[in-house]
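Shown next, in structure tokens, is the structure this report addresses.
Every value quoted in this text rests on a predicted model; they were computed, and no experiment measured them.
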Amino acid sequence: MAATVASSLQLMAARHFLSFSPGVVKAGAAILCSNPKTVLWPKLTSPCNISSLNPFRHGFRSSTVKFIKVVTKAMSESNENKPVSGLPIDLKGKRAFIAGVADDNGYGWAIAKSLAAAGAEILVGTWVPALNIFETSLRRGKFDESRLLPDGSLMEITKVYPLDAIFDNLDDVPEDIKTNKRYAGSSKWTVQEVAESVKQDFRSIDILVHSLANGPEVSKPLLDTSRKGYLAALSASSYSHVSLLKHFLPLMNPGGSSISLTYIASERIIPGYGGGMSSAKAALESDTRVLAFEAGRKHKIRVNAISAGPLRSRAAKAIGFIDMMIEYSKANAPLQKELSADEVGNTAAFLASPLASAITGAVIYVDNGLNAMGIGVDSPIFKDLNIPSDKH
């Protein structure tokens with residue numbers, strides 16, 4: 001069956017899956033302070049409270065400080081001659097292919113925006129059945145508000161390619177897909193064909209992003225999952241990463257970066273995230289390490305994964321309990337705030353930049369620290385411990 005291209009792949013089986021004047025990008029530092037007015041670019045920062053904890057046996061006492069999150073700021077050309085403070089994320093002259101963008105509110109879109117803000121040229125691959133709606137929305141300006149970059153310009157997508165990443169080449173495509181009306185009018189959408197088209201159009205790329213997932217039986221417990229459903233989840237959600245890198249690697253310039261999106265269900269039990277999707281994420285992370293070695297030795301390409309927290313995207317809402325998972329994260333994570341897609345996008349921009357030149361084979365958690373927790377502190381058993389909370 002056709003792969004669904006996911007804009008956001010957390011807590012879901014996705015059923016759904018532009019060159020601007022590049023400017024210098026300024027990365028704001030993470031700052032702990034008692035007076036947020038001293039921080040530059042106040043409009044671009046969003047403070048939240050964190051607390052210091054005393055030893056467990058004495059209970060908890062809260063000492064609140066302000067945490068100002070890292071801000072990636074793209075400056076317009078008129079500011080290019082001004083001194084840049086801090087370490088810039090500069091991707092000018094780089095080209096990125098993001099596989100798995102079909103709307104404007106998922107992680108794939110956010111990554112594209114952050115890469116564009118850093119100066120990269122953007123190419124995207126969109127699931128074939130979603131292609132017409134996506135291109136029409138772009139053309140009619142439906143996404144203009146969400147295309148806005150920090151310097152006031154709009155992100156531009158140089159080219160949109162039709163893509164179905166569960167098929168390596170045309171020989172893999174069954175006849176019922178070839179004749180499916182949702183694929184009518186599109187051609188050269190298998191992984192091999194898309195890579196060949198990108199090579200013909202642009203010769204090379206520097207950044208490859210895998211933002212794809214599909215689990216047709218995700219709502220089923222693992223014991224109730226069929227072999228077909230299990231293998232379909234692995235094919236669309238993990239082997240598609242191997243296939244993309246295999247076919248795009250010859251196009252990638254040395255020093256390039258490949259990034260995929262994973263989820264903590266790869267290593268923790270998340271009831272409701274079934275159908276083999278947890279196994280697919282575990283495979284994706286294991287493949288990340290192996291591919292980092294092979295791609296690093298052969299082509300000097302870095303391969304990393306971002307383990308992102310839950311996002312309230314259209315695709316995630318289809319799973320049914322995304323709102324509950326977001327509230328759980330806010331209640332139990334060290335940083336009690338809702339994760340934004342931009343925070344994942346900015347992490348991807350860092351991983352794609354020279355600032356991360358020695359990072360490969362890694363899984364980077366961007367989830368407000370929820371991965372570090374061993375127990376849910378919103379449990380009634382902790383009611384007498386006076387655990388610091390934004391609710392206090």
Side-chain angles (χ1 to χ4, degrees), residues 1-7 9 12-17 97-103 106 108 123-136 159-200 208-220 222 224-251 260-261 274-284 287 291 314-315 318-319:
M1 66 183 293
T4 308
V5 177
S7 309
L9 46 102
M12 64 177 172
R15 306 197 172 180
H16 310 291
F17 239 20
F97 182 87
I98 300 101
V101 179
D103 58 37
L123 314 174
V124 304
T126 299
W127 187 44
V128 185
L131 182 66
N132 184 55
I133 294 176
F134 180 66
E135 290 188 313
T136 299
K159 188 165 183 176
V160 179
Y161 292 87
L163 172 67
D164 193 326
I166 69 167
F167 302 115
D168 294 333
N169 53 61
L170 198 57
D171 292 337
D172 294 339
V173 183
E175 196 60 33
D176 63 319
I177 295 296
K178 291 179 181 179
T179 58
N180 191 307
K181 64 180 181 180
R182 296 195 297 173
Y183 286 74
S186 295
S187 62
K188 298 182 179 180
W189 41 260
T190 64
V191 176
Q192 179 181 333
E193 291 174 308
V194 173
E196 290 171 348
S197 295
V198 172
K199 181 179 181 180
Q200 182 177 352
L208 178 66
V209 178
H210 175 275
S211 180
L212 312 171
N214 182 44
E217 298 182 17
V218 66
S219 61
K220 293 183 179 181
L222 188 57
D224 295 335
T225 301
S226 69
R227 182 184 297 270
K228 181 179 179 180
Y230 184 94
L231 295 178
L234 265 71
S235 175
S237 308
S238 54
Y239 185 77
S240 57
H241 177 226
V242 178
S243 181
L244 278 169
L245 191 54
K246 172 183 176 180
H247 289 93
F248 276 86
L249 202 54
L251 284 68
S260 63
L261 288 168
M277 282 302 298
S278 58
S279 303
K281 294 305 181 185
L284 180 68
D287 291 344
L291 292 171
R314 293 188 188 95
I319 202 64

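In summary, the side chains of Ser279 and Tyr230 do present a donor paired with an acceptor at a separation below 3.5 Å, with no hydrogens or angles considered. Between Gln192 and Glu196, the side chains place a donor N or O and an acceptor N or O closer than 3.5 Å (distance only, hydrogens not considered).
Between the side chain of Glu193 and the main chain of Leu170, no donor-acceptor pair closer than 3.5 Å is present.
Between the OG atom in Ser278 and the CG atom in Leu222 there is a gap of 6.0 Å [rounded to 0.5 Å]. Annotation: the span from Tyr161 atom OH to Thr126 atom OG1 amounts to 12.0 Å, rounded to 0.5 Å. Distance check: Phe167 CZ to Ile177 CD1 gives 5.0 Å after rounding to the nearest 0.5 Å. Note that CE of Met277 and OG of Ser238 are 8.5 Å apart. Values are rounded to the nearest 0.5 Å. The OH atom of Tyr183 sits 3.5 Å away from atom CG of Asp164, with the distance rounded to the nearest 0.5 Å. Taking CG of Leu244 as the start and CG of Leu212 as the end, the distance is 6.0 Å to the nearest 0.5 Å.
With sequence neighbours left out, the side chain to side chain donor-acceptor pair (under 3.5 Å) criterion links Thr136 to Arg139.
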*Test side chain to side chain contact (heavy atoms under 4.5 Å, CB included) on Thr190 and Asp172 and set out the steps.*
CA-CA 9 Å; Thr190 64; Asp172 294 339; over 6 Å; no
_side chain to side chain contact (heavy atoms under 4.5 Å, CB included) for Trp189 and Leu131? Distances and angles first, verdict last._
CA-CA 11 Å; Trp189 41 260; Leu131 182 66; over 6 Å; no
*For the pair Asp287 and Tyr239, evaluate side chain to side chain contact (heavy atoms under 4.5 Å, CB included) and give the outcome as yes or no after the intermediate values.*
CA-CA 9 Å; Asp287 291 344; Tyr239 185 77; over 6 Å; no
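Of all non-hydrogen atoms in Ala233 and Ala280, the two that sit nearest each other are O-CB, 3.8 Å. The heavy-atom pair separating Ser197 from Lys188 by the smallest distance is OG-CD, 4.0 Å. Considering all non-hydrogen atoms of both residues, His247 and Ala195 come closest at O-CB, 3.6 Å. Of all the heavy atoms in Ser237 and Asn214, the pair that sits closest is OG-N, 3.0 Å. Taking all atoms of both residues into account, the shortest heavy-atom contact from Asp224 to Glu217 is O-OE1, 4.3 Å.
Surrounding NZ of Lys181 are at most 12 heavy atoms belonging to other residues, nucleotides or ligands under 6.0 Å away. More than 12 heavy atoms of other residues, nucleotides or ligands shown are found within 6.0 angstrom of CG on Leu231.
With a 4.5 Å cut-off on side-chain heavy atoms, Leu251 and Phe97 do not count as touching.
Residue Ser243 is tested with Asn169, Asp168, Ile166 for a side-chain contact (heavy atoms from CB on, under 4.5 Å); the sole match is Asp168.
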